[in-house]
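Working notes, beginning with the structure itself.
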Amino acid sequence: MKKYHLKPESSFQPDIDYSSHLNPEQLDAVTCGDGAALVIAGAGSGKTRVVTYRVAYLIERGINPSRILLLTFTNKAAREMLHRVELLIKGEARRVWGGTFHHIGNMILRKYGSAIGLDPGFTILDREDSKDLIESCIAELNLRADKMFPKGNVLMDVIGYAAGTERTVTEEINDRYSHLSLYAEEIEAVKARYNSKKRDINLVDFDDLLVLWKKILMDVPEIREKLSSRFLHVLVDEYQDTNKLQAEIIDLMASTHKSLMVVGDDSQAIYSFRGACFDNIIEFSERYQDTQIFKLTTNYRSTDEILHIANESIAFNSRQFPKVLHSLNRRGARPALVPMKNLAQQAEFVAQRILDLVDEGVPMKEIAVLYRSHYQSMDLQMELTRRRIPYEIRSGIRFFEQAHIKDITAYLRALLNPMDEISWIRILKLTPGIGNVSARQVWEKVKSSDRPLERIMSDGIIQQLPKRVKDNWDNFTGPLRGLDEKSIEEHPAETIRHILQNGYDAYLKKSFENYEERKEDIEQLSNYSNSFRSTREFLSDLALLTTVQSEDIVEAGEEGESIVLSTVHRAKGLEWSRVFIVGLSDGSFPSAKSMGDIDSEEEERRVFYVAITRAKDELYLCFPVMDNRWYDGSVIKRPSPFLQELPQDTYEKWEIEEW
C-alpha cells in the first residue's frame with residue numbers, strides 16, 4: 001500500500017511572499033494564529049487586501065477551503081475577495097463558503113430547514129412580494145377601514161427592523177416610528193398574520209433567512225455542533241455594520257473552534273438607523289477573551305493634511321479604539337473651510353470651483369459633493385443644472401423627480417391652472433379609494449365648469465361620486481380648503497406649508513417608511529420657493545430646469561463624465577480626488593435630532609469622519625451662515641460643532657468675495 005504523508009504545520013513554506021505584498025501591520029493580521037482576532041482597519045488602509053490574503057494564507061497553511069466561512073455585506077465584495085484569492089493560489093478559493101449573510105443563510109436553510117419544520121423547497125419573497133403579502137394581511141384583518149392605516153411598504157420596514165434588532169414591533173415603533181404609535185397593536189397583529197401565512201404556503205422573506213438560521217442553531221444543538229465544527233475559521237467583513245441578530249449568528253457559527261476574525265472600523269460605524277449595533281465591534285474583545293487586536297493605520301488614499309483633520313476630529317469620541325491614520329508622506333493643500341452667506345452662495349461657490357477644477361484638468365468623475373441629508377443637495381442641483389454641469393445622484397433620484405415633491409408641485413400647478421388635467425388626476429389618486437377610473441370620472445364632471453376649483457370643492461359634486469370616493473372626499477379637499485387666490489399666486493412657500501399641514505402630512509405618514517426625511521424635503525422646497533416673486537415664476541423655473549436635467553442625463557451617459565452628488569452614508573467605501581462637504585451648519589450636520597444624546601452625537605461625528613476620509617487630494621468644508629427656515633424665516637446659523645472643535649492648524653479659511 002502506498003503511503004502519502006501530510007506535512008505538519010511546522011513545515012509550512014508558503015508560495016506567496018506575504019512580506020513583499022503587505023505592510024507590517026497588514027502582515028501581522030494576515031499571519032496571526034488561531035483564536036479570536038479583531039482587525040481595526042482605518043479608512044483607506046487596505047481592509048479588502050487583508051481579508052483576501054488571510055484566506056489565501058489559511059489555505060496555504062493547509063486549511064481545507066470548504067472549512068472556511070467568509071461573510072460579507074454584498075455579493076460583489078465576496079466575489080471580488082474570492083476572485084483575488086483564486087489569482088493568488090490558483091483556484092482553491094472556489095470551495096470557500098463565501099457570500100452575504102442572506103446567501104449563506106439560504107444555503108443552510110435549504111440543507112437543514114426541515115429540522116425546524118421548514119420545507120427545503122421554500123420560495124424566497126422579494127421586497128415587492130413581501131409588500132403584497134402584508135397588504136393582503138391588512139385587508140384580511142379589515143384594517144383598511146381606517147383610511148390612514150399605514151401601507152404595506154411602511155409595515156415591511158417596521159417588521160424588518162424589529163427582526164434585525166430582535167425587538168418587538170411595539171418597541172421598534174416607540175423608538176423609530178413614533179408617528180405610528182397609534183397603530184402599534186394592529187401592526188403587531190399584521191406581523192403575526194404575515195408570519196402565519198408565510199409558514200402556511202412555504203414562503204420566507206429576507207429577514208427569515210437570518211431569523212430561521214439562528215433558530216436552527218439555537219433549537220437544534222446537533223446541527224449547531226455540526227456547523228460550528230465544520231468551519232475551522234470564520235471571517236467577517238465590515239463587522240461594524242452588523243446588527244444584533246447577525247452578531248449572534250456569527251458567535252454561534254464560531255462557537256466550537258472560536259477562530260473568528262472580524263474586520264471593520266469602529267470609526268466608520270454609521271448605520272444605526274438601519275439597525276447596525278455599534279456595541280458588536282466595540283465590545284468584541286469583552287465577548288472573546290484573549291482577542292488579538294490589530295490596527296491598520298497606514299492610509300493609502302489621502303494626503304497628510306486630510307488625515308490630520310480626520311484624526312483631530314474623531315479624537316473627540318470617547319467610545320472608540322484610538323488610532324492615528326498616517327499617509328506614506330503624501331503632502332497636499334490644507335482643507336479649505338469656506339463660510340458662505342447663504343445656501344444660494346454655497347451652491348454658486350461649489351459649482352464655480354468645480355468648473356475651475358475641470359479647467360485645471362481634474363476629471364469630473366474625480367469630484368464629489370457630499371451632504372448629511374438628501375434635501376441639502378436641492379440648491380446645488382439647481383445651480384449645477386443652470387451651469388450645464390452634468391452630475392450623478394448617488395443618494396436617490398434627483399430631488400425634483402421624487403414622488404412627494406412631484407405631488408406638491410402638482411397641487412401648485414392645479415391651483416394655478418384649474419384646467420391642468422394631469423395635475424388634478426395625480427392629486428386625486430393620492431386619496432384612498434380613488435384610482436385611475438374614479439379620478440377620470442371626477443375630472444370629467446368638473447372640467448366643463450368655468451371654475452373647476454370651485455366646482456371640485458362644492459357640496460354638489462359629492463352626490464355624483466361613487467360611495468368609495470365619497471367616503472374619502474375630505475382627504476382630497478383638505479389640502480385645498482382655506483387657500484385664497486392671492487396667496488396661491490404670490491406666496492408659494494405659504495401654499496406649500498398649507499398643503500402639508502392640511503392633509504398631505506397624514507398621507508406621508510401612511511405612505512412612506514422614511515416619513516421624516518420626506519417631510520424635511522418638503523419644508524426645504526418651501527424655503528427654496530421663497531426666493532421667487534410668484535408661484536408661477538417658481539413653477540416655470542422648475543419646469544425649465546428639470547427639462548435641462550433630463551438632457552444632461554443623456555449627455556453624462558454618452559461621455560461617461562459627471563460629478564457625483566451623494567449623502568455621506570451612500571459614499572462610504574468610495575473615494576474621489578476632490579471632495580466638497582456642504583451644509584456643515586449647526587442643526588444640519590450633525591442633525592438636530594442627534595444633539596443631547598452622547599451615542600448619537602458620536603455617531604454623527606463618525607459620519608463626518610467618513611466624509612472627510614473620502615477625499616484623496618483636496619477637501620472643501622462648506623457652510624451657509626444664513627438659512628431660511630420654513631417656520632421662522634431667516635436665521636443666523638453657527639458652524640457645525642464638528643468644525644468649531646477643530647484646531648485652527650487643520651484648515652485654511654477661505655473668504656468669498658462677490659464681484
Side-chain angles (χ1 to χ4, degrees), residues 22-32 36-51 53-54 235-242 260-272 276-288 290-332 335 568 571-575 579 598-599 601-616 619 642 645-647 649-651:
L22 305 167
N23 69 35
E25 293 172 335
Q26 295 169 336
L27 183 64
D28 286 346
V30 166
T31 60
C32 71
L38 171 61
V39 181
I40 301 299
S45 63
K47 168 181 64 68
T48 300
R49 192 173 190 82
V50 166
V51 177
Y53 277 83
R54 176 64 175 175
L235 295 91
V236 185
D237 187 30
E238 300 286 11
Y239 187 69
Q240 79 281 346
D241 296 336
T242 54
L260 169 62
M261 175 178 280
V262 298
V263 183
D265 185 4
D266 57 300
S267 297
Q268 297 187 70
I270 61 173
Y271 292 124
S272 66
C277 181
F278 182 63
D279 289 345
N280 290 347
I281 190 167
I282 211 72
E283 296 175 357
F284 182 82
S285 58
E286 297 173 20
R287 297 205 315 279
Y288 286 86
D290 302 321
T291 296
Q292 303 172 79
I293 299 178
F294 303 92
K295 295 181 182 179
L296 310 183
T297 60
T298 303
N299 176 284
Y300 293 91
R301 175 186 299 153
S302 308
T303 63
D304 281 328
E305 288 74 14
I306 291 171
L307 295 180
H308 181 41
I309 201 171
N311 290 328
E312 290 289 345
S313 176
I314 202 64
F316 284 91
N317 274 9
S318 57
R319 291 191 78 204
Q320 63 167 310
F321 291 99
K323 61 183 178 298
V324 176
L325 297 182
H326 58 89
S327 75
L328 297 175
N329 294 317
R330 270 196 68 208
R331 305 294 298 175
V568 181
K572 184 173 170 288
L574 304 175
E575 60 182 45
V579 170
I598 294 298
D599 288 343
E601 286 181 24
E602 292 207 346
E603 177 159 346
E604 288 289 302
R605 190 176 284 106
R606 294 194 295 269
V607 175
F608 182 51
Y609 175 87
V610 168
I612 291 171
T613 54
R614 299 312 93 199
K616 294 189 287 187
L619 176 66
F642 301 154
E645 66 195 14
L646 290 171
D649 70 336
T650 59
Y651 57 80

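Computed from a predicted model, the values in this text were never measured in an experiment.
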If you measure from [atom1] on [X] to [atom2] on [Y], what distance do you get to the nearest 0.5 Å?
X: N311; Y: T650; atom1: CG; atom2: OG1; answer: 11.0 Å
X: R605; Y: I314; atom1: CZ; atom2: CD1; answer: 7.0 Å
X: L574; Y: R614; atom1: CG; atom2: CZ; answer: 7.5 Å
X: F294; Y: C32; atom1: CZ; atom2: SG; answer: 4.0 Å
X: Y288; Y: D290; atom1: OH; atom2: CG; answer: 13.0 Å
X: F321; Y: F284; atom1: CZ; atom2: CZ; answer: 9.5 Å

Taking the side chain as C-beta and beyond, is there a heavy-atom pair between [X] and [Y] under 4.5 Å?
X: V262; Y: I281; value: no
X: K323; Y: D265; value: yes
X: D266; Y: Q240; value: no
X: V50; Y: E25; value: no

#### Entry: Stepwise side chain to side chain contact (heavy atoms under 4.5 Å, CB included) test for D649 and H308
CA-CA 9 Å; D649 70 336; H308 181 41; 3.6 Å; yes

Could you pull out the closest heavy-atom pair between [X] and [Y], with the gap in Å?
X: E645; Y: F316; result: O-CZ, 3.3 Å
X: A269; Y: F278; result: CB-CD1, 3.5 Å
X: A310; Y: T613; result: CB-CG2, 3.8 Å
X: F608; Y: S313; result: CD2-OG, 3.4 Å
X: V579; Y: A611; result: CG1-O, 4.3 Å

### Task
Name all residues meeting the side chain to side chain contact (heavy atoms under 4.5 Å, CB included) criterion together with D279; count only those two or more places apart in sequence or in a different chain, and write none if there are none.
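Per chain and number, D279 pairs via side chain to side chain contact (heavy atoms under 4.5 Å, CB included) with C277, I282, E283, R319.
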
### Qualifying residues under side chain to side chain contact (heavy atoms under 4.5 Å, CB included), relative to A41, sequence neighbours excluded
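Applying side chain to side chain contact (heavy atoms under 4.5 Å, CB included) to A41 gives S45, K47, V263, L296.
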
### Query
Do the charged groups of K572 and E238 touch, with an N to O distance under 4.0 Å?
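Counted as a salt bridge, because a side-chain N and a carboxylate O are separated by less than 4.0 Å.
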
### Task
Go through S327 and T303 one step at a time and tell me if the side chain to side chain contact (heavy atoms under 4.5 Å, CB included) criterion holds.
CA-CA 6 Å; S327 75; T303 63; 6.0 Å; no

Just to verify, what does [X] make a side-chain hydrogen bond (donor to acceptor under 3.5 Å, both in side chains) with, not counting sequence neighbours?
X: E601; result: none
X: Q320; result: none
X: Y239; result: R287

Hey, does the side chain of [X] reach the backbone of [Y] with a donor-acceptor pair shorter than 3.5 angstrom?
X: R54; Y: V30; result: yes
X: S302; Y: A615; result: yes
X: E602; Y: S318; result: yes
X: N299; Y: L325; result: no
X: Q292; Y: A37; result: no

### Message
Determine whether R301 and I306 satisfy the following criterion, side chain to side chain contact (heavy atoms under 4.5 Å, CB included), listing intermediate values before the conclusion.
### Response
CA-CA 10 Å; R301 175 186 299 153; I306 291 171; over 6 Å; no

### Query
R606: what forms a salt bridge (charged side-chain N to carboxylate O under 4.0 Å, His left out) with it, not counting sequence neighbours?
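Partners of R606 under the salt bridge (charged side-chain N to carboxylate O under 4.0 Å, His left out) test: E603.
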
### Stepwise side chain to side chain contact (heavy atoms under 4.5 Å, CB included) test for F642 and I612
CA-CA 12 Å; F642 301 154; I612 291 171; over 6 Å; no

